[in-house]
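Here the structure is laid out as structure tokens; the discussion comes afterwards.
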Amino acid sequence: MLQVALAQVRIHARRFLAVGLAVMLGVAFLSATLMVGATTKASLGESIGASYAKAGLVVTAQDGGPVPAGLTTDLASIPGVDAVHGLERAYGQLTTGSQDSLAVLTTTATPRLETAIVTAGSYPADAGQVALDEVSAARLDVAPGDTVAFDAGAPATAPGNALTVTGLTAASADPSLAGAVQVLASPAVVRAATGGEAAFRNVQLALAPGADPGEVRASVSSVVDAAPVADGAPLVVRTAAEQTVADVAAFSNGSDVLTGVLLAFAAVAVLVAGLVISNTFSVLVAQRTRELALLRCIGAERRQIRTAVLLEAAIVGFVSAMCGVLLAAGLMGALVALARRTDHGSFAVLAVPVPAVVGGIAVGLLMTLLAALVPARAATRVAPLAALRPTEPPVPGRGSGRVRLVAGLVAVLGGGALLALGALSVALVPAVAGGAVSFLGVLLLAPLFVPRSVAAVGRIARPLGVPGVLASLNAVRNPARTTASSAALMVGVTLVTMMMVGAQTSRTSFERELDLNYAVDLQVSGSASDPQARLDRPALLEVDGVRTAVELTPVMLTGAQDGGQVVYAVDPGELAGVLRGDGAALTDGMVLAPQTWTQTAVTLEGGGGPATLPVTAVDAVVFQPLITTATAERLGGTPEDALAAYLGTTGESPAEPLPAGTTLADHLGTLFWLRLDAADAASVTDIQARIVDVTGVSEYQVTGAALERAAYNEVIDVLLLIVTALLAVAVLIALIGVANTLSLSVLERRRENSLLRALGLTRGQLRGMLAVEAVLMAGVAAVLGTGLGAVYGWLGAQSALGGLAPVIPAVPVGQIAGVLAVAVGAGLLASVLPARRAARLSPVAGLAGD
């Protein structure tokens, strides 16, 4: 039977093309997922390992704590140790002109262990000298010879006040340094920033040429074991390679979340591919009824027939799985090559683990065999006498059995109840489990409602004439095949729609919560310590996108019993122009306070005397207590009185006497509330950048609901884009199944189509018939998938976010309409090749006997 199977695959290779594509795409997705995890770890190890490139041994604390500073002297005296370096780091703000940036100071090492590569200038040699990484230096417009300052929050010392840049270094790909300016400095500068004490993150040892690594490691271990340790944390001695592996494990927390998420999408692709394969083999077996019966007539047993069909599946599955693994390796290689061209991607390394190859081939082979198992059993039911009957189109099978019906109902009801429970109790795990079980039940029940749905929708096509009538009949001619093709596409559309509805629901819920918590779009705070900033109302109104602005001036304080909070004065008319909500209005003689205030009256200090005013709370939580400018003037007192009350409440003691006439506004700065014209993330971010450029304030001084909303929306959009792209693989496989169903249907209905041509059906009408048939299957699957996806998306968002904010169901009508249009258009495209093949066959050739 092996020869029979090989002959079938060779002669009818075109029939197995769709099966091969489905297996190849599913395996490629799975293998690429495993390669992503391995490549990420390999690249991470390469980047982290660069820090130990010159070290033979590394000493660290097992819990990640500091290594005793006195240990370096003992280690340096061990025979075979050529050099010792204790790595120290400090974190803080690096100031270059008017810019502040997060920076990491790392101590210089001896030339024997220094891994930083100088690309311009020289290494820092003295206290007060530093070297910056070239990428950050270009961004900050810093060159050798410039002066910078570093502030770590520690007491200011001479080495940390003015630092001269002596050189530029190649940027390190160490993920612990990502996003920060990488500064190379002497131990004196680093210790000045950390309070003057040496704190070694690790101790690196370079071995002397010819030294026995094993003997040196044993000697180092004995010294380390005898060293005192802090808080009982033992010290460990590792080789550079072992330390790299330990750092990678610590960095990823021992788990690979990305691979787990991608494997879930790969499982969806494999499931859809299995549906396509099973449907394809069912049609192939039905087409070969006469051939299989002839084999039975000449002595083939049922077992041999079943073996032949499974051998065909194994051959196609193995070859396609191999192609899928090669495709995954090629794609990952291309991505790694692109990453290596970026500034921080030079350490990207392609890793093809054995599980990605062996697992991919095994899953592809097993998936094909399992999908072909039911068709193989059906092949054994062909009676030998069937070979003596005229070739007829296959008769549709019986409807779903009772077992399938009962199992589907139990899964839908049980899973639906669990999903609803998860949504009501805001428990994500039960909701996910319930959603998966209920959707499995939907697939089991699909033969009950999919053919009926296609038949109902098919009535719409009947006004198209003969092609429409024939298409509506042919679409449900074989309910099992129609169900399998539509179900495969329905899986992909359901998941895509679920993510879109979930994302839109999350977006709407977060925006509503932000509207409740924030009263204004943006808040700009002025720093009294930055006299160069030009922060005033005219400057803010110059910024394109700012509709209006109002200044809040600190004038008084609440009493000590109310926490001594600062109260701001503002013009009520201008305030009404920036508030987004319909909360209480600010009037004379009262305090407008945030929602968190529960008191009905509050005592203000810092004016002519303590004054008690009624409190009205707004809906917002992020809100400064406000009084009108007229109320502040009426309460009297001098600005210096308010500052004195503030300093007395907070216990601040100025290092130097404040100049005469210094007010609370001079000490704290002022606030500005803004109302914007834009709402999308890109526009809001641009407005923030323009405010920073015009006023000279730092980015962290510009906050508010608009930026929070923009950040949430940006994260949601990126996640939605990634998930949709991943699920597109499943949709593509499903559309291959639609094209395959039509192709095999063309072969199966060869005589019928030829007869229709002989009776007057034109080639254009034949093409139209197959196009309408494809649109019916794809359209019904898309409509059912969007309905299911909307329900799952809303319940999923409720189970995940219900504890954070009230979840408001929202449906992105435009995006879902796009999904429907793409599904129908792709179904129409899937009918092109089968329709061409059917139209090219002449009526005479089609009616000829086999």
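The model shown is predicted, which means the values in this text are computed figures rather than measured ones.
When each of V181, L140, L163 is paired with V148, the side chain to side chain contact (heavy atoms under 4.5 Å, CB included) condition holds for L163 and for no other. For the side chain to side chain contact (heavy atoms under 4.5 Å, CB included) criterion with L674, the lone passing option out of V578, V524, L541 is V524. Between L626 and the choices T631, L575, V591, the side chain to side chain contact (heavy atoms under 4.5 Å, CB included) rule is met once, by L575. Each of T616, I627, V570, V615 was evaluated against L592; a single residue qualifies, T616, per the side chain to side chain contact (heavy atoms under 4.5 Å, CB included) test.
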Please lay out, stage by stage, how R690 and D686 fare under the test side chain to side chain contact (heavy atoms under 4.5 Å, CB included). CA-CA 6 Å; R690 288 195 290 268; D686 290 342; 3.7 Å; yes
Pair F672-Q523, side chain to side chain contact (heavy atoms under 4.5 Å, CB included): steps then yes or no: CA-CA 6 Å; F672 286 86; Q523 173 179 292; over 6 Å; no
What's the verdict on side-chain hydrogen bond (donor to acceptor under 3.5 Å, both in side chains) for T629 and D571, showing C-alpha distance, side-chain angles and the deciding distance? CA-CA 6 Å; T629 306; D571 181 89; 5.4 Å; no
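At a threshold of 4.5 Å between non-hydrogen side-chain atoms, the residues V491 and F439 count as touching. Using a 4.5 Å heavy-atom threshold, the side chains of V520 and L579 count as touching. Between Y792 and L419 the shortest side-chain heavy-atom distance falls below 4.5 Å. Using a 4.5 Å heavy-atom cutoff, the side chains of L552 and V550 are in contact. Between M590 and L613, every side-chain heavy-atom pair lies at or beyond the 4.5 Å cut-off. Proximity of L671 to Q624: side-chain heavy atoms (C-beta onward) are separated by under 4.5 Å at one or more points.
Atoms CE and OG1, from M499 and T494 in turn, are 13.5 Å apart once rounded to the nearest 0.5 Å. Considering CD of Q688 and CG of D693, their distance stands at 10.5 Å, rounded to 0.5 Å.
Between W673 and F623, a ring centre-to-centre spacing shorter than 6.0 Å is recorded.
Looking only at distances, a side-chain donor or acceptor of Q701 sits under 3.5 Å from a matching main-chain atom of S525.
In this model, a donor atom of one side chain and an acceptor atom of the other lie less than 3.5 Å apart for R89 and T106.
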